> 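Once you've had a glance at the structure underneath, I'll fire off some questions.
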There are 2 protein chains.
Amino acid sequence: MIEHTDLSKPIYKRLKEMIRNGELKQGEKLVQEKIAERLGVSRTPLMKALLALENEYLVESKPRRGMYLRVLDRKEIIDIYVCREAIEGMAARVLATKKNMSHVSQLKACFNPFTSDTDIDVDAYAKADETFHSLLIKLTDNTPLDKIYFFNDIHDRVVGHGLVRAPKDTLKEHFDIIEAIAIGDADKAEALTRLHINKSKELLINQHKIKTSE
Amino acid sequence: MIEHTDLSKPIYKRLKEMIRNGELKQGEKLVQEKIAERLGVSRTPLMKALLALENEYLVESKPRRGMYLRVLDRKEIIDIYVCREAIEGMAARVLATKKNMSHVSQLKACFNPFTSDTDIDVDAYAKADETFHSLLIKLTDNTPLDKIYFFNDIHDRVVGHGLVRAPKDTLKEHFDIIEAIAIGDADKAEALTRLHINKSKELLINQHKIKTSE
DNA sequence: ATATTGCATTTTGTATACAAAATGCAATAT
DNA sequence: ATATTGCATTTTGTATACAAAATGCAATAT
């Protein structure tokens with residue numbers, strides 16, 4: 001039995017964990033009674049959590065039939081990258097317009113641990129990368145943009161496909177974006193951010209092509 | 001008693017209607033029992049509807065305290081315009097890349113009724129405008145983008161502040177965007193779409209300035 | 001052997017009961 | 001007069017009972 005002010009929140013987190021680590025499989029039907037029993041809660045707060053996941057597009061509800069874990073195919077992952085290009089690009093633009101030095105140092109702080117010549121800890125870098133991209137949104141102080149991105153982020157994390165490109169390829173790109181924000185070059189900040197995300201997207205698209213053509 | 005496969009959907013729609021026409025006021029506390037009684041349903045399906053609204057950011061839940069109708073201030077409306085710039089701009093880009101003539105004629109169809117010299121019916125034009133902007137997203141066939149925009153659209157509709165600019169100002173802009181898509185000029189399609197939305201945004205910002213400086 | 005039907009079982013959707021927390025207000029203290 | 005306390009009332013959060021729909025499978029028909 002999980003304790004909280006509202007059970008649905010910890011249930012929601014637990015479900016996401018279960019989705020990410022494969023305890024629940026893609027396409028699987030989520031039988032309310034069974035999951036409720038497994039988590040030691042009743043269907044009422046579980047339903048709340050499932051509805052939140054449905055709104056985030058992780059779970060699909062077929063009326064009268066039940067809730068199903070959505071299947072994310074490659075097209076949808078690529079579509080998410082297109083969304084990220086639009087949203088993060090705009091975020092970088094907004095930040096460049098603001099030209100706030102506290103923002104700049106916060107962004108730099110993400111990657112400072114990796115500036116020495118020593119080998120980069122890939123896991124640590126992956127986390128820094130995630131922090132950087134979240135921060136880019138948070139710092140804009142644009143609540144709707146934040147909400148929208150959060151929704152996307154969910155997807156991305158669930159996909160859980162770690163880094164698409166090696167740190168040595170992306171580290172400079174990150175610093176270039178930060179620099180453009182620092183000097184207040186909005187066009188450049190946006191363009192660089194888009195390019196950065198676009199490169200990963202292209203890689204995913206090409207992987208697909210290789211796979212299907214063989 | 002409303003009939004449906006799932007009561008929460010009609011309840012959800014009814015609530016949105018109540019929000020839009022002012023039956024429910026901004027900032028108001030939504031006491032579950034009272035609304036449930038008013039709609040002739042129990043709290044269970046009502047809760048589902050309220051959670052959907054919460055996820056769309058129309059309603060805010062304070063744990064153990066209740067659900068409150070969110071207050072949209074001018075900053076947030078402007079922030080939504082920034083989101084629209086990013087998302088619709090990207091949508092126009094995607095469509096220009098596809099260069100699908102069926103898309104082009106569908107988009108044109110929105111505004112064809114207004115091409116004659118006669119006076120424009122503002123209400124009809126407002127509807128056409130809404131259709132056009134929704135269509136721009138739908139035609140991309142990018143599900144996450146669609147989801148994201150839908151979320152935004154909600155806001156916009158609730159604000160319900162009709163047209164920001166007169167049809168005579170925006171009609172040509174719409175056709176120019178469509179033309180850029182038709183010739184497959186992705187950069188232009190995106191730039192024009194952004195400019196189009198940005199102009200309305202600037203107008204809202206200036207209105208604000210006038211108000212506050214007086 | 002395959003398709004169809006009917007029925008028992010499972011599961012969803014809704015209403016409701018109940019405990020715990022929040023709220024509002026009168027009585028009391030300062 | 002204002003602040004504080006205590007208690008009745010209201011409201012939320014959760015569990016659960018029940019009806020209606022969906023499902024699965026055995027029995028029967030083709």
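Owing to the predicted nature of the structure, the values given are computational and were not obtained by experimental measurement. So that the names make sense, note that chain A is the first sequence line, chain B the second, and so on, each numbered from 1.
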> For Asp6(A) and dT11(D), give me the distance from atom CG to atom C1', rounded to whole Å.
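Between C1' of dT11(D) and CG of Asp6(A): 14 Å.
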> Taking the minimum atom-to-atom distance to the side chain of Val31(A), which one of dT11(C), dA15(D), dG13(C) wins?
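Nearest to the side-chain atoms of Val31(A), counting from C-beta on, is dT11(C).
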> Leu46(A) has an atom CG; how far is it from atom P of dG13(C), in whole Å?
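Atom CG in Leu46(A) sits about 12 Å away from atom P in dG13(C).
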> Starting from P on dT11(D), measure out to CD1 on Ile35(B) and report it in whole angstrom.
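Going from CD1 in Ile35(B) over to P in dT11(D) covers 11 Å.
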> Select from Thr44(A) and Met67(A) the residue whose nearest nucleotide in DNA chain C is closer to the 5' end of that strand.
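So the residue in question is Met67(A).
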> Counting only side-chain nitrogens and oxygens, does Ser42(A) get under 4.0 Å of the OP1 or OP2 atom of dT14(D)?
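It does not, given that no N or O in the side chain of Ser42(A) lies less than 4.0 Å from OP1 or OP2 of dT14(D).
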> At under 4.0 Å between heavy atoms, which parts of nucleotides 18-25 of chain C does protein reach? Answer with one letter per nucleotide, 5' to 3': B base, S sugar-phosphate only, - none.
---SSS--
> What is the distance, to the nearest angstrom, from the OH atom on Tyr12(A) to the P atom on dT14(D)?
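Atom-to-atom, Tyr12(A) to dT14(D), this comes out as 17 Å.
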> Determine, stepwise, if the pair Arg165(B) / Thr170(B) fulfils side chain to side chain donor-acceptor pair (under 3.5 Å).
CA-CA 7 Å; Arg165(B) 292 188 287 147; Thr170(B) 56; over 6 Å; no
> Using purine N1 to pyrimidine N3 plus N6-O4 or O6-N4 for Watson-Crick, or N1-O2 and O6-N3 for G-U wobble, each under 3.5 Å, what pairs with dA26(C)?
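Paired with dA26(C), as far as the under-3.5 Å criterion goes, is dT5(D).
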> Nearest-Å distance, CG (Leu7(B)) to P (dT16(C))?
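In whole Å, dT16(C) P and Leu7(B) CG are 13 Å from each other.
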> Using Watson-Crick or G-U wobble geometry with both distances under 3.5 Å, which nucleotide pairs with dA17(D)?
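Partner of dA17(D): dT14(C).
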> Cation-pi check, Lys62(B) to Tyr68(B): give yes when NZ or CZ is under 6.0 Å from the six-membered ring centre and within 45° of the ring axis, no otherwise.
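Because its charged atom sits under 6.0 Å from the ring centre and within 45° of the axis, Lys62(B) does stack over Tyr68(B).
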> What I want to find out is whether Glu23(A) reaches Arg38(A) closely enough, with some N-O distance under 4.0 Å, to be called a salt bridge.
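Answer for the salt bridge query: yes.
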> In terms of side-chain heavy atoms, does Ser134(B) have a donor or acceptor partner in Glu130(B) at a distance below 3.5 Å?
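There is no such pair between these side chains.
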> Will you find, in the side chains of Glu76(B) and Tyr57(B), an N or O donor that is under 3.5 Å from an N or O acceptor?
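Result is no, nothing qualifies.
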> Return the value, rounded to whole Å, for the distance between atom CG of Leu51(A) and atom P of dT14(D).
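Interatomic distance, CG of Leu51(A) to P of dT14(D): 14 Å.
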> Return the minimal non-hydrogen interatomic distance between Arg74(A) and Leu204(A), and the atom names on each side.
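The answer is NE-O, 3.5 Å.
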> What nucleic acid atoms does Leu30(A) come within less than 4.0 Å of, heavy atoms only: base, sugar-phosphate, or nothing?
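Result for Leu30(A) = sugar-phosphate.
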> Side chain of Lys48(B): nearest nucleotide among dA15(C), dG13(C), dA15(D)?
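Nearest to the side chain of Lys48(B) among the choices is dG13(C).
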> Return the minimal non-hydrogen interatomic distance between Ala52(B) and Asn55(A), and the atom names on each side.
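That closest heavy-atom pairing would be CA-ND2, 4.0 Å.
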> Among dT12(C), dG13(D), dT14(D), which is the nearest nucleotide to the side chain of Glu33(A)?
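It is dT12(C).
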> Write down the distance between NZ (Lys34(A)) and C1' (dT11(C)), rounded to a whole number of angstrom.
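Atom-to-atom, Lys34(A) to dT11(C), this comes out as 10 Å.
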> Given atom CE of Met47(B) and atom P of dA15(C), what is their separation to the nearest angstrom?
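Rounded to whole Å, this separation is 15 Å.
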